[in-house]
Amino acid sequence: MVGVLSACAVAGALELGKWAHAYVEKHRMDGRLSVRTALIDMYSKCGYIDRALEVFESTPVRNLVLWTSMINGLAINGSGNKAVEFFDRMVNDDDIKPDAIVLISVLSACSHGGLIDEGRRLFDELKSRYNLIPRMEHYGCMVDLLGRAGRLDEALELIRRVPSEPSVILWRTLLGACRAHRNVQIGELAMKEIQRREPRHHGDHVLLSNIYASVGRWEDVAYVRRAMKRMGVSKEPGCSIIEVDGQIYSFVVEDATHRHSEEVRAALERMTRRLREAGHVPDTREVVARVEGGEEEREEKLVHHSEKVAVAFGLIRTVPGTTLRVVKNLRVCVDCHAAMKLISEIYGREIVLRDRNRFHHFKSGSCSCDDYW
Ligand SMILES: *[C@@H]1O[C@H](CO)[C@@H](O)[C@H](O)[C@H]1NC(C)=O
């Protein structure tokens, strides 16, 4: 059952997860800490943090793994303060000595929540109070934290202070921050470091070209695109899944073979029209795939991003007011993000979208990530 629950967590399959919860209760397996930990993880990753908290609070004796699961859940929900509060509770009330893993969770909560001071405190305490040696992941959280806050110089400084060879992930995190803060200079530097280690990673090229696009350097965008072609860097296709009536439907970008395709196409057209009427202007800055194509072609591409297709499908297949829960394999793009906000407003729907990095809760026209992801 731990395996079932963890599969539900990965797929974001809440309905099946709830069924599994009922099953473990009925068969009296829910007293075990491993099962409870899996339940907390499943509910958190399905975007149902309140249920995760219920399971957590109703557990009489908690161990480190259970705490970690809860703190991690709060982190991916974007509840930074709460995660730190729980961490302190764990250390002070339950007298549990934290390990490297739980510190990754709480540091990542700090970065999602923009809690610079807390993050620095915990990063210091990692060595001074808990006698641990910072791992690459801890540095990664700190780079993310500083990068998010726009302190790109400090983030770069920290990477250079890593005692061993900094992992490519640190540079990639910095590159992501440069995209958000439109910093071409440090972005190029980070890209150079990445290239030395992993030249063919698709996401990096996309990020770099997005940085150029964000400042209107179209020639550089085209240059990156050509380099990708030359090096044979291929794009991982976007894929989104949505659960409707206990069934999982997956949508791959531009996949016309889907058996719901006609129905989906019509729904997508209607949704796109409504978005336009509500004033949505497609933001094509991040479309690298066809920079040489015209504006229309670029807009067309955006319409077919898998998360939009999944949401369009969800809108027609669920009763009004139902929350839509979508899981995507890549980072959500700027245009889809803006569209989701608007959809949540004009259709009066909550949308919970888990992308490669985190959750986005769209509600009444805004998103829980505060437009940084
Ligand atoms: C989870 O995130 C949502 C959206 O930001 C927020 O409203 C809610 O309070 C958070 N839940 C917890 C338990 O922190």
Side-chain angles (χ1 to χ4, degrees), residues 5 8-9 12-14 17-18 21 36-59 62 66-91 93-94 102-119 122 141 144-145 148-149 180 242-243 307 311 314 321-328 331-332 334 336-345 347-373:
L5 287 166
C8 293
L14 179 61
K18 281 185 186 161
H21 188 179
R36 291 190 158 258
T37 302
L39 281 168
I40 291 169
D41 192 51
M42 182 276 292
Y43 279 124
S44 311
K45 292 198 176 135
C46 290
Y48 205 179
I49 190 79
D50 290 345
R51 281 310 294 278
L53 280 168
E54 273 172 40
V55 175
F56 177 81
E57 296 294 357
S58 66
T59 307
R62 308 176 182 116
L66 189 97
W67 274 103
T68 305
S69 185
M70 193 63 247
I71 290 169
N72 201 39
L74 291 165
I76 52 182
N77 191 60
S79 312
N81 280 314
K82 207 149 194 172
V84 174
E85 189 188 301
F86 271 55
F87 178 83
D88 290 337
R89 236 176 95 190
M90 175 186 88
V91 175
D93 299 356
D94 275 11
V102 72
L103 274 151
I104 295 171
S105 294
V106 71
L107 283 175
S108 88
C110 291
S111 81
H112 285 314
L115 307 174
I116 297 221
D117 295 337
E118 294 292 2
L122 291 163
C141 292
D144 191 48
L145 177 58
R148 232 163 240 276
I242 184 166
E243 193 191 36
E307 59 270 53
V311 164
T322 312
T323 299
L324 302 178
R325 295 169 193 280
V326 176
V327 177
K328 175 168 197 206
R331 189 195 283 258
V332 57
V334 169
C336 285
H337 197 268
M340 296 294 156
K341 290 202 281 189
L342 201 52
I343 292 166
S344 73
E345 189 177 352
Y347 286 89
R349 296 280 194 126
E350 277 184 50
I351 301 171
V352 181
L353 172 69
R354 186 174 102 199
D355 74 2
R356 191 184 207 114
N357 295 328
R358 59 161 296 151
F359 270 104
H360 301 266
H361 290 258
F362 298 95
K363 193 179 170 183
S364 316
S366 57
C367 180
S368 60
C369 77
D370 280 333
D371 300 333
Y372 186 107
W373 68 98

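Values in this document were obtained by computation on a predicted structure and should not be read as measured data. Read the numbers this way: they start at 1 and go in the same order the structure lists the ligands and their atoms.
- Under the 3.5 Å distance criterion, with hydrogens and angles disregarded, no donor-acceptor pair is assigned to the side chains of N77 and H112.
- For ligand 1, the polar-atom distance check finds no N/O of S368 at less than 3.5 Å from any of the ligand's N/O atoms.
- Annotation: atom 2 (O) of ligand 1 to nearest protein heavy atom, N77 ND2, 2.4 Å.
- With S69 contributing its side chain and L66 its backbone, the two residues share no donor-acceptor pair below 3.5 Å.
- Residues R325 and E243 have side chains not in contact (no heavy-atom distance under 4.5 Å, counting atoms from C-beta outward).
- In terms of protein heavy-atom proximity, atom 14 (O) of ligand 1 is nearest to S79 OG, 2.7 Å.
- A donor-acceptor pair is defined here as one N or O able to donate and one able to accept, closer than 3.5 Å; no such pair exists between the side chain of R356 and the backbone of K328.
- In this structure, atom 5 (O) of ligand 1 is in close contact with the protein, since a protein heavy atom lies within 4.0 Å of it.
- Scanning the protein for heavy atoms near atom 13 (C) of ligand 1, the closest one is L53 CD1, 3.4 Å.
- Interatomic distance, L342 CG to Y347 OH, rounded to the nearest 0.5 Å: 9.5 Å.
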